[in-house]
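Take a look at the structure set out below.
Counting from 1, the numbers follow the sequence of the chain as shown.
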Amino acid sequence: QGRLEESGGGSVQTGGSLRLSCTANWRIYSSSVMGWFRQRPGKEREFVALIRWHSGTTLYSNSVKGRFTISKYNAENTVYLQMNSLKTEDTAVYYCAKGSQYDSDQRAYNVWGQGTQVTVAS
């Protein structure tokens, strides 16, 4: 069974940075899309960013564009989320997910990690 494992969450002050990692226990196919989502306290889970595994094409939500960067390391089946200029409203559980469509809708993703907590304090 495919499994995604996230790491890199933690606590940081406003304006700080964190890098999340997500590693698959299988070889990610070139047709795949890897996404990051988050669930803020009291909110529904929402899209953050995605990357096409083959081309590296990316897509960001407006709330993180210009501050977050999604990237990948194919050889290690790992996707990253570099988060800079963090704000208190970025506090959330962050999930990575694997899908097969270039789509920000979480219904397009069929494998999910367990999530990692990111807390941004003022």
Does one hydrophobic cluster hold both Ile28 and Leu59, with members joined at side-chain heavy-atom distances below 4.5 Å?
no
Could you tell me which residues satisfy salt bridge (Lys or Arg N to Asp or Glu O under 4.0 Å) with Arg40, sequence neighbours excluded, listed by chain and number?
Glu46
Disulfide (SG to SG under 2.5 Å): pairs with one or both residues in residues 3-96, sequence neighbours excluded:
Cys22-Cys96
With a cutoff of under 4.5 Å between side-chain heavy atoms, which Ile, Leu, Val, Met, Phe, Trp and Tyr residues group with Tyr73?
Tyr80
Are the side chain of Ser32 and the backbone of Ser30 linked by a donor-acceptor contact shorter than 3.5 Å?
no
Quick note, salt bridge (Lys or Arg N to Asp or Glu O under 4.0 Å) partners involving residues 18-33, not counting sequence neighbours, are none
Find out if a path of hydrophobic residues (ILVMFWY) with successive side-chain heavy-atom gaps under 4.5 Å connects Leu50 to Met83.
no
Scanning both residues in full, the closest heavy-atom pair of Leu4 with Ala24 reads CD2-CB, 3.6 Å
Test of understanding: with side-chain hydrogen bond (donor to acceptor under 3.5 Å, both in side chains), list the residues that count as partners of Asn74, not counting sequence neighbours.
Lys72
Taking side-chain hydrogen bond (donor to acceptor under 3.5 Å, both in side chains) as the definition, give me every residue that meets it alongside Ser71, ordered by chain and number, with sequence neighbours left out.
none
What verdict does the side-chain contact (heavy atoms from CB on, under 4.5 Å) test give for Gln114 and Tyr95, after you've listed the backbone C-alpha separation in whole Å, the side-chain angles of each residue and the deciding distance to 0.1 Å?
CA-CA 7 Å; Gln114 80 288 351; Tyr95 299 89; over 6 Å; no
Gln82 and Ser17: which non-hydrogen atoms are nearest, and at how many Å?
NE2-CB, 3.9 Å
Check the pair Trp53, Met34 against side-chain contact (heavy atoms from CB on, under 4.5 Å), reporting the backbone distance first and the verdict last.
CA-CA 7 Å; Trp53 200 250; Met34 299 299 294; 3.6 Å; yes
Mind running side-chain contact (heavy atoms from CB on, under 4.5 Å) on Leu20 and Trp36 for me, showing each step along the way?
CA-CA 10 Å; Leu20 306 183; Trp36 285 98; 3.6 Å; yes
Pairs meeting criterion disulfide (SG to SG under 2.5 Å) with involvement of residues 44-84, two or more places apart
none
Treating Ile, Leu, Val, Met, Phe, Trp and Tyr as nodes and any side-chain heavy-atom pair under 4.5 angstrom as an edge, say whether Phe47 and Trp112 lie in one connected cluster.
yes
Treating Glu5 as the side-chain partner and Thr23 as the backbone partner, does any N or O pair qualify as donor plus acceptor under 3.5 Å?
no
Are Phe68 and Leu81 close enough, and set up right, to give a side-chain contact (heavy atoms from CB on, under 4.5 Å), and what steps lead you there?
CA-CA 7 Å; Phe68 291 11; Leu81 186 68; 4.1 Å; yes
Taking the side chain as every heavy atom from C-beta outward, state whether Trp26 and Asn77 have any pair of such atoms under 4.5 Å apart.
no
4.5 Å side-chain heavy-atom contact, Arg38 and Val64
yes
Could you give all pairs that pass the salt bridge (Lys or Arg N to Asp or Glu O under 4.0 Å) test and reach residues 93-106, with sequence neighbours left out?
Asp105-Arg107
Sub-3.5 Å donor-acceptor pair from the side chain of Asn25 to the main-chain atoms of Arg3, do we have one?
yes
Please answer whether the main-chain N or O of Ser85 pairs with a side-chain N or O of Arg67 as donor and acceptor at a distance below 3.5 Å.
yes
4.5 Å side-chain heavy-atom contact, Ile51 and Val79:
yes
Please check this pair: side chain of Tyr94 against backbone of Gln39, looking for a donor-acceptor N/O pair closer than 3.5 Å.
no
The side-chain contact (heavy atoms from CB on, under 4.5 Å) partners of Val120 (sequence neighbours excluded) come to Val12, Thr14, Leu86, Asp90, Thr91, Val118
Going by the rule ring pair (Phe, Tyr, Trp, His ring centres under 6.0 Å), which residues pair with Tyr109 if we only count those two or more places apart in sequence or in a different chain?
Phe37
Can you see which heavy atom on Leu18 is nearest to which on Gly10, and at what distance?
CD1-O, 3.9 Å
I'd like to know if Val111 and Ile70 are part of one continuous hydrophobic network [Ile/Leu/Val/Met/Phe/Trp/Tyr, side-chain heavy atoms within less than 4.5 Å].
yes
Excluding sequence neighbours, so at least two apart, what forms side-chain contact (heavy atoms from CB on, under 4.5 Å) with Ser7?
Ser21
Enumerate the disulfide (SG to SG under 2.5 Å) contacts for residues 38-93, please, sequence neighbours excluded, ordered by first and then second residue.
none
